[in-house]
Amino acid sequence: MSSKSEDFFKKVYALVRLIPEGKVTTYGEIAKALGAPKSSRVVGYAMNNSHQLDDVPAHRVVNRIGVLTGKHHFSSSDAMQQLLEEEGISIKNDQVENFEQHLWKPPQTDK
DNA sequence: GGAGTGACGCGGC
DNA sequence: AGCCGCGCCACTC
């Protein structure tokens, strides 16, 4: 049987894949949507593994303040910002402008 | 087997 | 108001 952690990772990927273009979400929101608001760190870890995938728009995932914390993990440090701007999101100093306006809330599987 | 790290979040000082 | 530390979960050395 699959390990729980593995299933958690899979959920994260599935959720991130549901993020529409021009929208962004936070690690905490994803973790909370999965029923583990304290596992926000694990979400970030999952995204690190998402590098082997290509269906996971990790560039649409930022931290709770809308800062591109994981931009350094992309092919290029500016790739994340470029992708977001391409989708219509304005980035200022590695920070998303009108973050709440572009924030996308994932469907809560809990209820 | 223990300690440290990390794409986070919140609270305390 | 900003700066510092702790908690939490998973993974690696």
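Chain letters run A, B, ... following the sequence lines, proteins first and then strands; every chain starts at 1.
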From E85(A) CD over to L83(A) CG, what is the distance, rounded to the nearest 0.5 angstrom?
10.0 Å

From the options Q82(A), H102(A), H59(A), select the one residue that forms a side-chain hydrogen bond (donor to acceptor under 3.5 Å, both in side chains) with E87(A).
H59(A)

Taking CE from M47(A) and P from dC8(B), how many angstroms apart are they, rounded to a whole number?
12 Å

As an exercise, state the distance from CZ of R17(A) to OG of S50(A), rounded to the nearest 0.5 Å.
9.5 Å

Using atom C1' in both nucleotides, what's the gap between dA7(B) and dC3(C) to the nearest angstrom?
22 Å

Checking the side chain of R60(A) only, and the main-chain atoms of I19(A) only, is there a donor and an acceptor separated by less than 3.5 Å?
yes

Take atom P in dC6(C) and the same atom in dG4(B), then report the distance between them in whole Å.
13 Å

Going by heavy atoms in the side chains, are Q81(A) and D94(A) under 4.5 Å from each other?
yes

Once you round it to whole Å, what is the distance between C1' of dA7(B) and NE2 of H72(A)?
12 Å

Identify whether any heavy atom of A58(A) sits under 4.0 Å from a base atom; if not, whether one sits that close to sugar-phosphate; answer base, sugar-phosphate or nothing.
base

Give the rounded distance in Å between these two atoms: NZ of K38(A) and C1' of dC8(C).
9 Å

Contact pattern, 5' to 3', of nucleotides 1-6 of chain B - B, S or - by protein heavy atom under 4.0 Å
-----B

Please determine if a side-chain N or O atom of T26(A) lies less than 4.0 Å away from the OP1 or OP2 oxygen of dC8(B).
no

Just the rounded figure in Å: distance from P of dG9(B) to CD1 of I65(A).
8 Å

Atom-to-atom span, CG of D7(A) to P of dA10(C) - whole angstrom:
12 Å

Heavy atoms only, 4.0 Å cut-off, all strands: where does H59(A) land among base, sugar-phosphate and nothing?
nothing

Whole Å only: how far is the CZ atom of F9(A) from the C1' atom of dA7(B)?
12 Å

CG (D78(A)) and CG (L68(A)) are apart, to the nearest 0.5 Å, by 10.0 Å

Figure out the CG/C1' separation between N63(A) and dC8(B), and round it to whole Å.
7 Å

Quickly work out the E29(A) CD to dC10(B) C1' distance and round it to whole Å.
14 Å

Distance in Å, W104(A) CH2 paired with E21(A) CD, rounded so as to fall on 0.5 Å steps:
13.0 Å

